[in-house]
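Structure record follows, encoded as structure tokens.
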Amino acid sequence: MTTEATWFASASAEDTAAPGVTYLEALRTALADLLAEDERVLLLGEDIGTMGGAFRVTAGLQDRFGGDRVRDTPMAETAIVGCAIGLAISGYRPVVELQFADFISCCYDQLVNEAAKLHYRFGIAVPIVVRCPSGGALSAGPFHSQCPEGIFAHVPGLKIVCPATVQDAYGLLRAAVEDPDPVLFFEQKALYRSQKAPLDAAAPVAGIGRAAVRRRGEDVTVVTYGSMLPRCLAAAERLAAEGVETEVVDLRSLVPLDLDTVADSLRRTNRLVIVHEDNGSSGIGAEIVARLAESDALYALDAPVCRVTAPDTPVPSSPLLEERYVPSVERIVSAVRALVGA
Amino acid sequence: MSHLSNGSSPPSAPWSAPDGSAPDRATADGASPDRLRPGEVTPEGARATAIPDNWSQLLALMVLSRAIESRLNNLFLQGRLHGRLISGRGQEAIPVGATATTRPDDLVCPAHRDLGAHLARGTTPEEVFLQYLWRADSPSRGRDGDVHFGVWSRGVLPMISHLPDSWPVALGLALAKQRQGAGGVVLAFCGDGATSTGSWHETVNLAAVWQLPLVLIVENNQYAYSTPVSQQFRVASLADRAPGYGIPGARVDGNDVVAVQALVSEAIAAARRGGGPTMIEAVTMRMDGHAIHDQARYVPTELLDAWRQRDPIEGFAARLQAAGLLDGAALAALRDDAAERAERAYQTALEAPEPDPAALTEGVYANPAAPARTRPAVG
Ligand SMILES: Cc1ncc(C[n+]2csc(CCOP(=O)(O)OP(=O)(O)O)c2C)c(N)n1
Ligand SMILES: [Mg+2]
């Protein structure tokens, strides 16, 4: 039987000799540090205790902190998220693990109508974090591969965080728990074990709402986040060999959206490609383009903008189909080439 | 069998058990034995019904709730109040009886016909009218309307329209109480209609599994909008569902404020002791339309006529008069006073400032900018 954990065996960097920790271990370390430092932090989720979660992000935490603080729940997303909201407004800092981001549809009401609106309506802050293991490229099919962040980026009152690096897996999770607002934390299954890097747990926590320039280049700006960052960086390397210098901007959070960093970059490169794994239509790429078009950054464009996203279909299961579905390094390279006329 | 089934006649004498035996009675001093056990349903009418010491508080709260709603109703008909208006007339005994004995550290999650629960927690008529008039200083500062509010500092969770979405939140409130270990409990209210939702099931189940200090109160007022209970569920009593969750259930005459208070107090006491949740079905009747726009022609007149004879305020007042605790003049004075308070509160709210439209976008986030403490480095 294939378990969720073994789906990633081929993409695993865990056993390699490379120094550092994986993205998944960085998440676990953040949770462990938070639990150790802050009495108010509680974890809730399905199978997160004895089993350590479907992906083992919480492995060992129940042994260390007890079943009261690392709490297994029944399969009931509405009850879990509602419970987290009640805990949060009682002074706790609950962190929910959804087993897969896809199941977020089952607690839509609690997120969108309870958590997102309580502060606007009554000034009651709701500091919950909902961890959503998202993304495809794992042959996991239409219901275990989705990237639902765009849907929730549309909802006022929610913050949307999408870490792409080991350091951000740690730092942004800490920032999310410290944030007074409800945060949906879209962590990437494809990055869990494929990303490995040294982690500086003592580094100041990089706050939510600031994009990062991950690579400098003057010919074109590629804006991305989450699972697509490694692919964009790989594409940038290939393009560099062809003499095209790509600047890669990692958004880090979709709400708040750091458009200043994007516009700064665009003013230098005059060309823009947006890459995300979420479906294209009405996705965050559309919002970025719209906001740029509403500002004088529009005049910086020397060519039409280009979006490289999943097509508007459900996520297919067959590896052959899915390879076509998830934006590839090849597609990113082609898009940039077309834009710079190379 | 005399117990209510699916929206027919009002409950009459105490329910008799299916085997025909008389239900257990409370002990003579009014203290009940610990009969709320998991997997059992306690029939309606089986509890202590002696007039409690706080009878004047119960009466005053019910009368005030009705006076406020009746003033709101008139204002609406006069075109001086807009939006949506929902009435709890005829159901006052449930929120008032359930909430009157809560402690300051308890929490209450009312539904849309539970103005009495707000008042029992100390919410003032001024706060109510400020809210209904969307004033700047109202609990929601004009961001939400009518009974969709709650003064959190008084331990009242603001409800949202989606029913019963306060229930999953109540799980967390109750888990916090359980962890704090100080005996605080949470009351959550909903209607019969809300019991058909998945949120309802998830809440009751998890509350049972974790043995949370929660009292789950279902106000069965025979209809969900136009849909009678016969089209909503097959069980004879919603309390019959409790054993299926492994928690105690009980049914009470929702128009008898004394019975409601006695039963809910018992459930509260059990929750404080660590005895877990209790489900209570309070049987009543929605005496107005679903909301003020609704004439409710779908409700048989005979049904309303029968229930009108069982008005919770009239019934309680008559009982108090028979017991020599109240006379007609005192009751009239109480009503006049409540009407006057409602009118004063309305006038105060009328004078109060309206929200500044420029503030529309304020407060979506507690921390809108989330300023970075460090700017992430390049690379
Ligand atoms: C989830 C949901 N669906 C639909 C509605 C619209 N609606 C408002 S009240 C109501 C009926 C509620 O019936 P019940 O729970 O019995 O409460 P009552 O109004 O009878 O007090 C409906 C359908 C809603 N508020 N929430
Ligand atoms: Mg009803």
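Throughout, protein chains are lettered first and strands after them, A, B, ... in sequence-line order, and every chain is numbered starting at 1. Only this structure's heavy atoms are used, side chains among them; waters, hydrogens and symmetry mates stay out.
- Counting only N and O atoms by type, the side chains of B:Gln131 and B:Asp146 include no donor and acceptor under 3.5 Å apart.
- Figure legend: B:Arg141 and B:Trp134 shown without cation-pi pairing, the cationic atom not lying both under 6.0 angstrom from the six-membered ring centre and within 45 degrees of its axis.
- Taking chain A as the reference chain and counting heavy-atom pairs below 4.5 Å, the highest number among B:Thr203, B:Leu206, B:Val186, B:Leu175 is found for B:Leu175.
- For the pair A:Arg71 and B:Trp210, the cation sits on the ring face: its NZ or CZ lies under 6.0 Å from the ring centre, inside 45° of the axis.
- Between chain A and the residues B:Gly172, B:Gly198, B:Ala174, the largest count of heavy-atom pairs under 4.5 Å involves B:Gly172.
- Looking at A:Thr73, the atoms closer than 4.5 Å to chain B (heavy atoms on both sides) sit in the backbone and in the side chain alike.
- To the nearest 0.5 Å, atom OG1 of residue B:Thr227 and atom CD of residue B:Gln232 are 6.0 Å apart.
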Exercise answer: donor-acceptor pairs, residues 355-362 of chain B side-chain atoms, under 3.5 Å, sequence neighbours excluded:
unit_1	atom_1	unit_2	atom_2	d
B:Asp356	OD1	B:Ala358	N	2.9

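- Counting only residues at least two apart or on different chains, the side chain to side chain donor-acceptor pair (under 3.5 Å) pairs with a member in residues 162-175 of chain B are A:Asn113-B:His162.
- Applying a 4.5 Å heavy-atom cutoff, the residues of residues 76-86 of chain A that approach chain B are A:Ala76, A:Glu77, A:Thr78, A:Ala79, A:Gly82, A:Cys83, A:Ile85, A:Gly86.
- Counted by atom type alone, B:Asp192 and B:Thr195 present zero donor-acceptor pairs between their side chains at under 3.5 Å.
- Residue A:Val155 touches chain B through its backbone alone, counting heavy-atom pairs closer than 4.5 Å.
- Listed options A:Gly157, A:Ala125, A:Ser90, A:Ala115 were ranked by heavy-atom pairs under 4.5 angstrom with chain B; first place goes to A:Gly157.
- At a 4.5 Å heavy-atom cutoff, the contact between A:Phe122 and chain B is made by backbone and side-chain atoms alike.
- A:Asp33 and A:Tyr170 share a side-chain donor-acceptor pair at under 3.5 Å.
- Neither the backbone nor the side chain of B:Leu212 comes within contact range of chain A; no heavy atom of the residue lies under 4.5 Å from a heavy atom of that chain.
- Relative to the six-membered ring of A:Phe185, A:Arg131 misses at least one condition, a distance below 6.0 Å or an angle of at most 45° to the axis.
- Using modelled atom types and a 3.5 Å distance limit, the side chains of A:Ser265 and A:Glu247 yield a donor-acceptor pair.
- Listed by chain and residue number, A:Ala88, A:Arg93 satisfy the side-chain contact (heavy atoms from CB on, under 4.5 Å) test with A:Pro127 (two or more places apart in sequence, or in another chain).
- Comparing B:Pro158, B:Ser199, B:Ser161 by heavy-atom pairs within less than 4.5 Å of chain A, the highest count is held by B:Pro158.
- Listed options A:Val255, A:Leu42, A:Asp250 were ranked by heavy-atom pairs under 4.5 angstrom with chain B; first place goes to A:Leu42.
- Counting heavy-atom pairs closer than 4.5 Å to chain B, the top-ranked of the candidates A:Arg121, A:Met75, A:Gln110 is A:Arg121.
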